[in-house]
Amino acid sequence: MQYQTKIRWSLISGILAALCWIVGDMFVAGFSVNPADYPLFSETYAGKVDVDLAVLMLEGSSNRLMFGALIGAMTATLFLPGIWLSYQFVIDKSKWYALGIYFMLIVSVLLSPLGHAVYFYVGEIHKAIYHTDPIAHPYLLETANAFTKSLYITWGTAILVMFIGWLLFSILIFTGKTMFPKWAGLVTPLFLTIYQLPLQLILPASDFKGFIGSAAFNISYFIFFVLVQVFFIKKLKHKDMRTGN
């Protein structure tokens, strides 16, 4: 496969992955919920659960939550060609730091499916608590806490590795070690996610706010790959012509 063909399909793959994950995030966690509407969790069990997480998915049907969890978990590998494409912009790809950042971004993708899928189980167990007789709640609360802890570990680790990886990639751009202009370090997925925070703070509670909040990082991925296509992809194609790859 020619280098330019690899570039084209890697870009398409990255954009498609971001779109699938945006949909997945919106379906599995794209809710705007007032905890006070669910006193069972916000009052009765306030000290036994993560209240915001417990009430987040109560209104989501099982089919909706399952679809959201699966479309993300089963398309995560589509991000890998996009990560490879980003790595192609590094000037000296053989340097230890370049390889280390590339590996970290790959690991962040591989860690993401499990953390994303666990949202389904967290949502379903809290729905079970909400709709069952209180006599069953002690065991269900114990199970819910185990699922929640699993979510903290899996999703938290994936997000931490992802943020560190893109922060380091931004530093590569700022220090002139890539073919991106230095200002492009401010439009990596990390910074694009940070820019969304004020919007989330000023938006009133609504389904739209829930959608944006749940999919913030993957919206950033989508914008990043679109920017690569619009502004920067010609640099790789010109390099390909000069080197004869």
Q) So, the side chain of S150 versus the backbone of A146: is there a donor-acceptor pair under 3.5 Å, distance only? A) no
Q | Worked check of side-chain contact (heavy atoms from CB on, under 4.5 Å) between L53 and Y119 | A | CA-CA 9 Å; L53 192 58; Y119 270 93; 4.2 Å; yes
Q.
Between F224 and W166, is there a side-chain heavy-atom distance shorter than 4.5 Å?
A. yes
Q) To the nearest 0.5 Å, what is the distance between OH (Y139) and CD1 (I129)? A) 11.5 Å
Q: Find out if a path of hydrophobic residues (ILVMFWY) with successive side-chain heavy-atom gaps under 4.5 Å connects I7 to M179.
A: yes
(Q) For W96 and Y102, I'd like to know if the aromatic rings sit close, meaning centre-to-centre distance below 6.0 Å. (A) no
Q: Could you tell me whether a side-chain N or O of E142 sits under 3.5 Å from a main-chain N or O of P138, the two making a donor and an acceptor?
A: no
(Q) side-chain contact (heavy atoms from CB on, under 4.5 Å), that's the test. Do T188 and I173 meet it? Break it down for me. (A) CA-CA 9 Å; T188 61; I173 298 175; 3.8 Å; yes
Q. Crowded around K48 NZ? As in, over 12 foreign heavy atoms under 6.0 Å?
A. no
Q) Between S32 and S206, does any side-chain donor sit less than 3.5 Å from a side-chain acceptor? A) no
Q: Please check if atom CG in L201 has more than 12 non-hydrogen atoms from other residues, nucleotides or ligands closer than 6.0 Å.
A: yes
Q: Provide the closest heavy-atom pair for A73 versus A117 in the form atom of the first, atom of the second, distance.
A: CB-CB, 4.3 Å
Q | Sub-6.0 Å ring centroid separation between H137 and Y45 | A | yes
Q. Would you say D37 and N34 make side-chain contact, with heavy atoms under 4.5 Å?
A. yes
Q.
I need the M104 CE to L99 CG distance, nearest 0.5 Å.
A. 12.5 Å
Q) How long is the gap from OG1 on T154 to CG on L114, to the nearest 0.5 Å? A) 4.5 Å
Q | Heavy-atom side-chain proximity of W21 to F79 below 4.5 angstrom | A | yes
Q.
For F163, run the ring-ring contact (aromatic ring centres under 6.0 Å, His included) check against F169, F191, F217 and tell me which one passes.
A. F217
Q) Between atom OG of S108 and atom CD1 of I164, what is the distance when rounded to the nearest 0.5 Å? A) 10.5 Å
(Q) Can you confirm whether Y195 is buried at OH, in the sense that more than 12 heavy atoms of other residues, nucleotides or ligands lie under 6.0 Å from that atom? (A) yes
(Q) Would you say D92 and S94 are linked by a side-chain donor-acceptor pair, where the criterion is simply a distance under 3.5 Å? (A) yes
Q | Joint hydrophobic cluster, L80 plus L16, side-chain heavy atoms closer than 4.5 Å | A | no
**Q.** Sub-4.5 Å side-chain heavy-atom contact between V228 and F89
**A.** yes
Q) Is it the case that one hydrophobic cluster holds both F67 and L56, taking links as side-chain heavy atoms less than 4.5 Å apart, direct or via other members? A) no
Q) Mind checking whether I153 and I159 sit in one hydrophobic cluster, side chains of I, L, V, M, F, W, Y counted as touching below 4.5 Å? A) no
Q) Donor-acceptor pair, K127 side chain versus G60 backbone, under 3.5 Å? A) yes
Q | Smallest separation among heavy atoms of E59 and F31, with atom names | A | C-CE2, 4.4 Å
Q) Judged by atom type as modelled, is there a donor-acceptor pair below 3.5 Å linking the side chain of H126 to the main-chain atoms of V122? A) yes
Q: Would you give the length of the straight line joining atom CE of M26 to atom CZ of R64, rounded to the nearest 0.5 angstrom?
A: 10.0 Å
Q.
Keeping S42 on the side-chain end and P35 on the backbone end, is there a donor-acceptor pair under 3.5 Å?
A. yes
Q. In Å, rounded to the nearest 0.5 Å, how long is the span from CD1 of I22 to CD1 of I71?
A. 11.0 Å
Q | Heavy-atom side-chain proximity of Y97 to I171 below 4.5 angstrom | A | no
Q | Heavy-atom closest contact (T44 atom, L40 atom, distance) | A | CB-O, 3.2 Å
Q. Will you find, in the side chains of D50 and Y152, an N or O donor that is under 3.5 Å from an N or O acceptor?
A. yes
Q.
Are the side chains of V33 and L58 in contact, using a 4.5 Å heavy-atom criterion?
A. no
Q. Do V90 and K177 have side-chain heavy atoms sitting under 4.5 Å apart?
A. no
Q | For the student: nearest non-hydrogen atoms of A216 and Q200, plus distance | A | CB-NE2, 3.6 Å
Q) Can Q88 and S10 be said to form a side-chain contact (heavy atoms from CB on, under 4.5 Å), step by step? A) CA-CA 11 Å; Q88 299 309 298; S10 295; over 6 Å; no
Q: Check each of D25, I212, L19, L192 against I219 using the side chain to side chain contact (heavy atoms under 4.5 Å, CB included) test, and report the only one that passes.
A: I212
Q. Given L203 and F208, is the side-chain contact (heavy atoms from CB on, under 4.5 Å) satisfied, shown in steps?
A. CA-CA 9 Å; L203 283 174; F208 178 72; 3.9 Å; yes
Q. At their closest point, which heavy atom of Y87 faces which heavy atom of A98, and how far apart are they?
A. CE1-O, 3.8 Å
Q) If you group Ile, Leu, Val, Met, Phe, Trp and Tyr by side-chain heavy-atom gaps below 4.5 Å, do I12 and M74 land in one group? A) no
**Q.** Closest non-hydrogen atom pair, F120 against M66
**A.** CD1-N, 3.5 Å
Q: Check whether the side chains of Y38 and E43 place a donor and an acceptor atom closer than 3.5 Å, and report yes or no.
A: no
Q) Do T75 side-chain atoms and L78 backbone N/O form a donor-acceptor pair below 3.5 Å? A) no
Q) So, do F147 and T143 sit near enough that their side-chain heavy atoms are less than 4.5 Å apart? A) yes
